[in-house]
Amino acid sequence: MDIKRGFANAVGNTPLIRLNSFSDETGCEILGKAEFLNPGGSVKDRAALYIVEDAEEKGLLKPGGTVVEGTAGNTGIGLAHICNAKGYKCLIIIPETQSQEKIEMLRTLGAEVRTVPAVPYKDPNNYVKLSGRIAAEMENAIWANQFENLANRQAHYETTAAEIWSQTDGAIDGWVAATGTGGTYAGVSMFLKAKNPTIRCVVADPMGSGLYSYVKTGDIKIEGSSITEGIGNSRITGNMEGAPIDDAIQIDDREAVRVIYQLMEKDGLFMGGSVGINVGAAVALAKQMGAGHTIVTVLCDGGGRYQSKLFNRDWLASKGLSPD
Ligand SMILES: Cc1ncc(COP(=O)(O)O)c(C=O)c1O
């Protein structure tokens, strides 16, 4: 029998999918870890589960307790599912710029959701800082603190990376992923470099994020903006500290949208915006490395969470973008 013992046990062990149209175009094997198939629908289920179980093991989260988090959506959705499955309450602080689909989903799942203005990290009312203060003031509550809590990248070190290694039999030449908290990128790159230091580990970055310039010049410089959600950063988070980085690739929204529609129309994969950055960067890395290499990236979440934006021609046009 192969039975998953509840939601928590069903997280992870996702397929690694060959992205046929992009692989054929580049002569490389471009492989996407199908994180949209997690039971909460995104890569963040892994981090949410490890954060909650780490707090349980440390005795910080007690029966009837509340998990508080500032999140762009997917971590909150993962936490809300896990809280339901484990009997905790969930309080989510989310910037009001995030997609309505994600905000409504959180409310449907029973989380208390507070939307707040999107302000930079240096502002004390930034959603992340606000969530920490709110958690500190509550009885029997923990702050998930996904940006600094290293249980996040540990989830990817122990599960995502180990799965990629065994699914490819260790035959992998490149790993590329955009970062929000950095948990996925850091956990996987630390594992892969420990196994084989010649694997090229590359940060994918949208416009409006400072990591590309940080990798290239050592300074965080921000230019432009992006419609993608959940990725990009203006600082080095605790989860990114010490992560091996060989290079960075910047992908603009035009290219990300082109990639998203090609994934849908040619590969049958209906994906969220960060996947456009990831796969766009995997294609760029494939071109840099040349034919015959195997490059792995992440299919973070599905397109249904962005129906009103990424898959709405009028909305795209309002941003100067088009699927054509
Ligand atoms: C859609 C999406 N893609 C990518 C990421 C980045 O993952 P990580 O936080 O592990 O860097 C996130 C994180 O919230 C996300 O929501």
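Counting starts at 1 for both ligands and their atoms, in listed order.
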Which residue and heavy atom of the protein sit nearest [atom], plus the separation:
atom: atom 12 (C) of ligand 1; answer: G230 O, 3.3 Å
atom: atom 15 (C) of ligand 1; answer: N74 ND2, 3.7 Å
atom: atom 8 (P) of ligand 1; answer: T181 OG1, 3.4 Å
atom: atom 7 (O) of ligand 1; answer: T184 OG1, 3.7 Å

Next on the checklist: Tell me whether R133 at atom CZ has more than 12 heavy atoms from other residues, nucleotides or ligands lying less than 6.0 Å away.
Outcome noted: yes
Next on the checklist: Does ligand 1 come near enough to K44 that some N or O of the ligand is less than 3.5 Å from an N or O of the residue?
Outcome noted: yes
Checklist entry - Got an N/O contact under 3.5 Å between S274 and ligand 1? => result yes
Next on the checklist: Contact between ligand 1 and F36 is defined here as a heavy atom of the residue under 4.0 Å from a ligand atom; is it met?
Outcome noted: no
Item to check | F311 and F270 aromatic centres sub-6.0 Å | outcome: yes
Checklist entry - Would K129 and Y121 satisfy side-chain contact (heavy atoms from CB on, under 4.5 Å), going step by step from the backbone distance to the final call? => result CA-CA 8 Å; K129 289 181 177 160; Y121 185 72; 3.9 Å; yes
Checklist outcome for this item: To atom 4 (C) of ligand 1, the nearest of N152, N278, I231 on a heavy-atom basis is I231
Item to check | Per atom 6 (C) of ligand 1, closest listed option by heavy atom (G182, G180, S42) | outcome: G180
Item to check | Test item: D267 side-chain N/O and L269 main-chain N/O as donor-acceptor pair under 3.5 Å | outcome: no
Counting each atom of ligand 1 from 1 as listed, which ones have a heavy atom of [X] under 4.0 Å away?
X: D301; result: 1 (C)
X: C300; result: 2 (C), 3 (N), 4 (C)
X: Y306; result: 1 (C)
X: G183; result: 10 (O), 11 (O)
X: E229; result: 1 (C), 2 (C)
X: T179; result: 11 (O)

Checklist entry - Testing I227, T228, D253, L321 for side-chain contact (heavy atoms from CB on, under 4.5 Å) with L310, which one passes? => result I227
Checklist outcome for this item: Contacts of F7 meeting ring pair (Phe, Tyr, Trp, His ring centres under 6.0 Å) (sequence neighbours excluded), chain-then-number -> H81
Should the pair [X]-[Y] be classified as a salt bridge under the 4.0 Å nitrogen-to-oxygen rule?
X: R258; Y: E255; value: yes
X: R235; Y: E148; value: yes
X: E56; Y: K62; value: no
X: K44; Y: E69; value: no

